[in-house]
Novice: 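Structure incoming, see below.
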2 protein chains.
Amino acid sequence: MGKILENKPACLYCNARIHSVFNVLDNEELEDLNKHKTCSSYKKGQYVFNEQGMPSGLFCINTGKIKLSTTGFDGKEQILSLAKEGEILGYRALISDERYYCSAVALEDSSICIIDKLYFNSTIIKNNKLLIEIVKKVSGDLKLAENHLVSLSQKNVRERLAEALLFIKATYGCVEDGATLNVTLSREEIADYVGTSTESAIRLLSEFNHDKIIELIGKKIKILNLQLLIKTANLND
Amino acid sequence: MGKILENKPACLYCNARIHSVFNVLDNEELEDLNKHKTCSSYKKGQYVFNEQGMPSGLFCINTGKIKLSTTGFDGKEQILSLAKEGEILGYRALISDERYYCSAVALEDSSICIIDKLYFNSTIIKNNKLLIEIVKKVSGDLKLAENHLVSLSQKNVRERLAEALLFIKATYGCVEDGATLNVTLSREEIADYVGTSTESAIRLLSEFNHDKIIELIGKKIKILNLQLLIKTANLND
DNA sequence: TTTAAAACATGATATTGGGCATGTTTAATC
DNA sequence: GATTAAACATGCCCAATATCATGTTTTAAA
């Protein structure tokens, strides 16, 4: 469990809201939403929820970065998706009243709002505009999953790794230099997204480094040649 | 385009409805839905819609079987999902007003209802109960896609092929003998779901045949030893 | 019925990438 | 600061599987 914050951020003034499903709510609805939530902080590495658990509420990332993963076969982890500020988590399990479909772990210290389950089931679910946004959100997630699936099925590890770096850049962006990825992931985590062994991920990152496609600065990854990275990823659309 | 049927089946008396999202509608709503649809027949191999196209309506399978696939890299096909009677198709593109996310092709002669786009956007989308069913439907599809993704990422071809046969059985069931899969897929189509080469799919199906796990009767596949097939698939949940 | 074209089958070969081993660097803990 | 553990790095080997080649069977078309 995260540590509950005394001064929770107000939905009405939340910066993350603009890119979230809650952007369709009016001020009155936002005030109401605000009344039915708490906000907790999570340390890097901490679980927000676990795929064994039943949903207790709707999570919405206020600040921070979360990885969504599932435990596959022989306990091997598969990273399914990366989430950022404004994104809602755990809504599928909540709506279907099932166990979480995956686990959510903080990639850095994060603060996350938890919207009351009863409020969700009695009010949010009745709001048509919001529900349409949720359908769009799931649809988008499904499209991403399908793209990921096709890559895993048809591309080699080198292409998938390049694609993963582009995905990370697209999700979390870069720091001020406009080239260094704005997140710290271990080689193992990258491998768990790419669907390869940690050794292969390390090996290929080294190769990209030698080929001047990227520069490895400790755990930070700087994209030196974006065009070449895109070419290496062999994207077709 | 499919051939429009003169006597379209009535939603109110549709057998497929029980397992569809439309089961939450009352009789009046069903009558209304019925007024805003047409029904067309599609021959085996015919496209229902193509991933290049913009959505013209909401498809709902009345009878028949449909494969949902996407063209990956170097034109290689990836089968994403298999759909049966009662399932709706093309709803994501419709809601997000984007091109279809995948292509739909008839696996056998099928009849499919097409619900008017305007009616969908003006009426269906306003029906909260129905919208919740749609969220559940997308969530379920996403869960299936994620499971498929993890298998592609972590399992070997033999395990994935066994899993594919179990998936086909779970989707379309068996004929009267309770063992022969109730659909005809080419080896290439199976390979395109499993994410392997056609040769490997053929080879492994032959192996399963020799090992008495299945029996190959022309294009029909009969499951002889379900327990062994489940074991071969190496399922963990 | 003949012919052509798919689909299926199987062997031989090449390649990718996983797994192991071993060493080095970085980070965490006392 | 010393000690330990985790993460990173790289070489070697081998199994899994893709690709190529060739032949057979089935299906579709003329």
Side-chain angles (χ1 to χ4, degrees), chain A residues 43-46 72-78 107-109 151-165 181 183-211 214-222 232 234, chain B residues 43-46 72-79 105 107-109 151-164 183-211 214-222 232 234:
Chain A
K43 289 277 168 196
K44 177 174 178 170
Q46 204 176 351
F73 310 95
D74 308 315
K76 182 158 172 53
E77 190 180 357
Q78 175 67 48
L107 290 170
E108 57 183 48
D109 294 355
S151 292
L152 284 165
S153 177
Q154 300 192 356
K155 285 186 169 181
N156 62 34
V157 177
R158 188 183 178 85
E159 292 168 325
R160 296 208 304 273
L161 177 63
E163 209 173 49
L165 297 178
L181 297 179
V183 67
T184 304
L185 292 170
S186 68
R187 305 289 192 266
E188 189 177 6
E189 284 172 322
I190 294 173
D192 288 343
Y193 179 83
V194 171
T196 186
S197 65
T198 307
E199 293 96 322
S200 289
I202 289 172
R203 236 185 293 270
L204 285 165
L205 282 171
S206 286
E207 265 184 54
F208 286 5
N209 191 40
H210 289 144
D211 297 349
I214 62 171
E215 187 185 352
L216 296 172
I217 311 157
K219 283 203 171 191
K220 288 285 175 188
I221 297 172
K222 184 174 181 178
T232 304
N234 190 24
Chain B
K43 288 277 169 197
K44 178 175 178 169
Q46 203 175 352
F73 311 96
D74 310 313
K76 182 159 174 51
E77 190 180 359
Q78 175 68 48
I79 295 185
V105 177
L107 290 170
E108 57 183 49
D109 294 356
S151 292
L152 284 164
S153 177
Q154 302 192 354
K155 286 187 169 181
N156 63 35
V157 177
R158 189 183 178 84
E159 291 168 325
R160 296 209 304 274
L161 177 63
E163 209 172 51
V183 67
T184 304
L185 294 169
S186 68
R187 304 290 192 263
E188 189 177 6
E189 284 172 320
I190 293 173
D192 287 344
Y193 179 83
V194 171
T196 188
S197 64
T198 307
E199 293 96 324
S200 289
I202 290 171
R203 235 184 289 271
L204 283 166
L205 282 172
S206 286
E207 265 184 55
F208 286 4
N209 191 40
H210 289 143
D211 297 350
I214 61 170
E215 187 184 353
L216 297 171
I217 310 156
K219 284 203 172 192
K220 289 284 176 189
I221 297 172
K222 183 174 181 178
T232 304
N234 191 22

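Just so it is clear: chains get the letters A, B, ... in the order the sequence lines come, proteins before strands, and each one is counted from 1.
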Novice: Without decimals, in angstroms, what is the distance between B/Asp192 CG and C/dC8 P?
Specialist: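 Atom-to-atom, B/Asp192 to C/dC8, this comes out as 12 Å.
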
Novice: Starting at CG of B/Leu152 and ending at P of D/dT17, how long is that distance when rounded to a whole Å?
Specialist: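 Distance check: B/Leu152 CG to D/dT17 P gives 12 Å.
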
Novice: I'd like to know if the side chain of B/Gln154 reaches the main chain of A/Phe73, judged simply by a donor and an acceptor atom lying under 3.5 Å from each other, with no hydrogens or angles considered.
Specialist: yes

Novice: Decide whether A/Thr198 and A/Glu188 meet the rule of one side-chain donor and one side-chain acceptor closer than 3.5 Å.
Specialist: no

Novice: Using a 4.5 Å cut-off on heavy atoms from C-beta on, say whether the side chain of A/Leu216 contacts that of A/Ile214.
Specialist: yes

Novice: Please confirm whether the backbone N or O of B/Gly195 pairs with a side-chain atom of B/Gln78, one donor and one acceptor, at under 3.5 Å?
Specialist: no

Novice: Return the NZ to CG distance between A/Lys44 and A/Asp109, rounded to the nearest 0.5 Å.
Specialist: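 Output value for this atom pair is 8.5 Å.
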
Novice: Could you tell me the separation between the NZ atom of A/Lys43 and the P atom of C/dA28, rounded to a whole number of Å?
Specialist: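 One finds 13 Å between P of C/dA28 and NZ of A/Lys43, rounded.
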
Novice: Would you mind reading off the distance between B/Asp74 atom CG and D/dA18 atom P, rounded to a whole angstrom?
Specialist: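 To the nearest whole Å, that distance equals 14 Å.
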
Novice: Could you tell me the separation between the CD atom of B/Glu188 and the P atom of D/dT27, rounded to a whole number of Å?
Specialist: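 About 17 Å, once rounded to whole Å.
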
Novice: Starting at atom CD of A/Glu207, determine the distance to atom P of D/dT10, rounded to an integer number of angstrom.
Specialist: 10 Å

Novice: So, are B/Glu207 and B/Arg158 salt-bridged, with charged N and O less than 4.0 Å apart?
Specialist: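 Looking at B/Glu207 and B/Arg158, the cut-off is met.
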
Novice: Find the distance B/Lys220:NZ to D/dT27:C1' and express it as a whole number of Å.
Specialist: 16 Å

Novice: Using a cut-off of under 3.5 Å, enumerate the N/O to N/O pairs linking the protein to nucleotides 9-17 of chain C.
Specialist:
from, atom 1, to, atom 2, distance (Å)
C/dA9, OP2, B/Arg187, NE, 3.0
C/dA9, OP2, B/Arg187, NH2, 3.2
C/dT10, OP2, B/Ser206, OG, 3.0
C/dG11, N7, B/Arg203, NH1, 3.1
C/dG11, O6, B/Arg203, NH2, 3.4
C/dG17, OP1, A/Val157, N, 2.8

